[in-house]
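A short worksheet on the structure shown next.
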2 protein chains.
Amino acid sequence: MKIQGISTQTLRRLPYYLNYLVNCEADGGYISAAAVASALKLNEVQVRKDLATVCQVRGVPKKGFPVSDLIEGLRDCLGQNNVHDAILVGAGNLGRALLSYKGFEQYGLNIIAAFDIKEGEADGKKIFPLEKLPDIINRLSIKIAVITVPGDVAQQVCDILTSNGILAVWNFAPAHLTVPDGVLVQNENMASSLAVLSNHLKSRMEGSE
Amino acid sequence: MKIQGISTQTLRRLPYYLNYLVNCEADGGYISAAAVASALKLNEVQVRKDLATVCQVRGVPKKGFPVSDLIEGLRDCLGQNNVHDAILVGAGNLGRALLSYKGFEQYGLNIIAAFDIKEGEADGKKIFPLEKLPDIINRLSIKIAVITVPGDVAQQVCDILTSNGILAVWNFAPAHLTVPDGVLVQNENMASSLAVLSNHLKSRMEGSE
DNA sequence: TTCTTATCGATAACGTTTTATCAATTATAC
DNA sequence: GTATAATTGATAAAACGTTATCGATAAGAA
C-alpha cells in the first residue's frame, strides 16, 4: 500500500492542521474545511485537497469532516503514532541546544545518542566519540540523524552516516549536502529563514522612508 | 529604490550562494553560474536568475561573475552588512537554547534581551518579565522578535509584540499566528520539517518491505 | 585581426501549486 | 415529504517556479 506522493508543501501544512484540530475538538465532532481555512489563513480548497490527500475520511455535506478521524489520519501520516529513534552529531552550541529541547518526542522523534569529535556530556547525556557512530547506528538500526556540526565538516559526517544506513538527515549545518539516492536531506537552515525576515524588514524600512 | 519582489524561494537560496562563494574565493576572482550550480546541485539557469535578481552585477561572457561583487551584493541583500537588534520571548527549553547559540550574530541578528513570565537568568543574560516588553521595544525601537513560547500563548504574545511596533516575527512556536498587514511571520516549525522526514522514512520502509 | 568557444541574458516551454467555479449531496427546517 | 442552504468533491483556470533553448557577447587562441 503506497501512500506515496504527498507533496512537501502539503506535508509541511499537516502539523498546523493537527495542532488546530487537537485544540478545537469541542465542536460536536465535525468541522468544515472553511472553518479550518479561516483559522489558519489558508485557502478553503487547499484545505480540502490536503485533507483528501492525507486520509480517506469523507467529508459530509452540511457538516464537514469528523474531527477525530482527521486527527487519527494526520497522526498516522505524520508518524506520530510510532516514535522514531534518532542520533545527533555535533554537540556544539546548537547541538546541545537541541539535545536539551524536550519537544521532539512529542512529534515522534527520540534522540537516543549524541556524537562529537570530543567526548563529553550534555544535559545528562553522554556524548560519544565519532568512531562509535557506525557501531551504534547498525546495532540499533537507526534511520534518522540530526547534523549540527560546523558547515565545513558536514558533508564528511553525512557520508559516514549514509554509508551506515541512515535514510533521513535533518541538517542544521549551513551547507549543501550530497547524498545517495533514496536518502532525504531536510535542511533546517536558520540563515535561510533569517534571509526572508531581513529582506522583509529591509523593504518595509525603505518603503516607509 | 524598491528592491521589492524577491521570491521567498530565491531568498532562501541566497545564504547557500553566499556560503559557497565565501569559501571558494580562491579562483582568480570570477566564477561561472554553471560552477555554482553544480556545487550546490541547482539548475544553472536558476542560479543566473537568482543572482540577477539580487544584484546588478553583470556576468562576463567566458569568465563568469566577479565573486567579490556577488558576495557584496548578497550580504547587502541579506542585511548582513548591518546588524539588527532583536528580542526573544519565551525562555523555556528552546528559548534558552537559542539564547546560548552564538551563531545568529554572524547572520546579522543580535538578540539583546529575553523575556518570560517568570524572571530569571540564562546564559549570563537577564530574563525580563513580560511587563517590561513594551517599554524596551519602544525605547530601543526593536523591529524583530523571536517567539519561543508554548503554542497556546503564542498568539497572545504576538499581539503584544505587533501592537508595540514589531515588524518581523520569527516564530518557533507550533502555532499559526495572525498578524496585522505589513508584519511578517517566519515560521520555523520543527514539526513541519519532521513531517517531511517521517513521511519519507515511512514510504521508504514500506517500499522496501 | 579573425575565429572559436564558453558564458551570459532573454524568452519560451514546462510542471507544480494555488485558487476559482460549479454541480452533487445531504442535514436541517418547515 | 419537500425545500433550503451549507458543504463537499471534481474540474478548470490562474499564478508561480523551474528548466530548456538560443542568439548575443566577449575572452583567448591562432
Side-chain angles (χ1 to χ4, degrees), chain A residues 4-17 20-21 24 27-70 73-74 176 187 192 195-196 199-200, chain B residues 4-17 20-21 24 27-70 73-74 176 187 192 195-196 199-200:
Chain A
Q4 261 299 43
I6 305 181
S7 89
T8 301
Q9 322 208 37
T10 295
L11 276 171
R12 295 189 67 92
R13 281 188 293 268
L14 301 188
Y16 289 95
Y17 296 135
Y20 175 73
L21 293 172
C24 272
D27 313 35
Y30 285 81
I31 193 159
S32 74
V36 176
S38 105
L40 265 43
K41 291 281 186 322
L42 296 172
N43 182 285
E44 185 183 329
V45 180
Q46 186 167 60
V47 172
R48 271 193 224 112
K49 280 201 160 181
D50 284 346
L51 296 181
T53 316
V54 167
C55 41
Q56 280 76 342
V57 179
R58 291 283 291 195
V60 182
K62 197 85 169 166
K63 290 177 83 179
F65 297 86
V67 175
S68 55
D69 289 4
L70 284 183
L74 283 165
H176 169 82
N187 292 300
S192 287
V196 180
N199 187 266
H200 168 80
Chain B
Q4 263 297 45
I6 304 182
S7 89
T8 301
Q9 321 208 37
T10 294
L11 275 171
R12 294 188 68 92
R13 282 189 292 267
L14 301 188
Y16 288 95
Y17 296 135
Y20 175 74
L21 292 172
C24 272
D27 313 36
Y30 285 80
I31 194 159
S32 73
V36 175
S38 105
L40 265 45
K41 288 284 185 320
L42 295 172
N43 182 285
E44 185 184 329
V45 180
Q46 186 167 60
V47 172
R48 272 193 222 113
K49 280 200 162 180
D50 285 346
L51 296 181
T53 315
V54 167
C55 41
Q56 280 76 343
V57 179
R58 292 283 291 193
V60 183
K62 200 93 165 147
K63 289 176 85 179
F65 296 87
V67 175
S68 55
D69 289 5
L70 284 183
L74 284 165
H176 169 82
N187 291 301
S192 288
V196 180
N199 187 266
H200 168 80

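Proteins come first, then strands; the chains are lettered A, B, ... in the order of their sequence lines, and each starts at number 1.
Within a heavy-atom distance below 4.0 Å of DNA chain D, no residue of residues 10-17 of chain A is found.
Here the closest heavy-atom approach between residue A:Arg13 and residue A:Asp50 is recorded as NE-OD2, 2.6 Å. Between B:Pro15 and A:Ala195, the closest heavy-atom pair is CG-CB, 4.0 Å. Shown here for A:Tyr20 and A:Ala39, the closest heavy-atom pair between the two residues is CE1-CB, 3.3 Å. Of all heavy-atom pairs spanning A:Ser192 and B:Arg12, the tightest one is OG-O, 2.8 Å. Between A:Tyr30 and A:Lys63, the shortest heavy-atom contact is CE1-NZ, 3.4 Å. Of all non-hydrogen atoms in A:Ala33 and A:Phe65, the two that sit nearest each other are CB-CE1, 4.1 Å.
The nucleotide range of DNA chain C contacted by chain A, defined by atoms under 4.0 angstrom from heavy atoms of the protein and reported 5' to 3', is C:dT17 to C:dA27.
Here the CG-CG distance, from A:Leu21 to A:Leu51, works out to 7.5 Å after rounding to the nearest 0.5 Å. Considering CD of B:Gln46 and CZ of B:Arg48, their distance stands at 12.0 Å, rounded to 0.5 Å.
Each of A:Val54, A:Leu42, A:Thr10, A:Leu70 was evaluated against A:Tyr17; a single residue qualifies, A:Leu42, per the side chain to side chain contact (heavy atoms under 4.5 Å, CB included) test.
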Write down the protein N/O and nucleotide N/O pairs, taken from nucleotides 7-14 of chain D, whose separation is under 3.5 Å; answer none if there are no such pairs.
{"unit_1": "D:dT7", "atom_1": "O4'", "unit_2": "A:Lys62", "atom_2": "N", "d": "3.2"}
{"unit_1": "D:dT8", "atom_1": "OP1", "unit_2": "A:Ala33", "atom_2": "N", "d": "2.8"}
{"unit_1": "D:dT8", "atom_1": "OP2", "unit_2": "A:Arg48", "atom_2": "NE", "d": "3.1"}
{"unit_1": "D:dT8", "atom_1": "OP2", "unit_2": "A:Arg48", "atom_2": "NH2", "d": "3.2"}
{"unit_1": "D:dG9", "atom_1": "OP1", "unit_2": "A:Gly59", "atom_2": "N", "d": "2.8"}
{"unit_1": "D:dG9", "atom_1": "N7", "unit_2": "A:Arg48", "atom_2": "NH1", "d": "3.4"}

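In this structure, OH of B:Tyr30 is placed 11 Å from C1' of D:dA27, rounded to the nearest angstrom.
For the pair A:Cys24/A:Val67, no side-chain contact is recorded, criterion being any heavy-atom separation below 4.5 Å from C-beta on.
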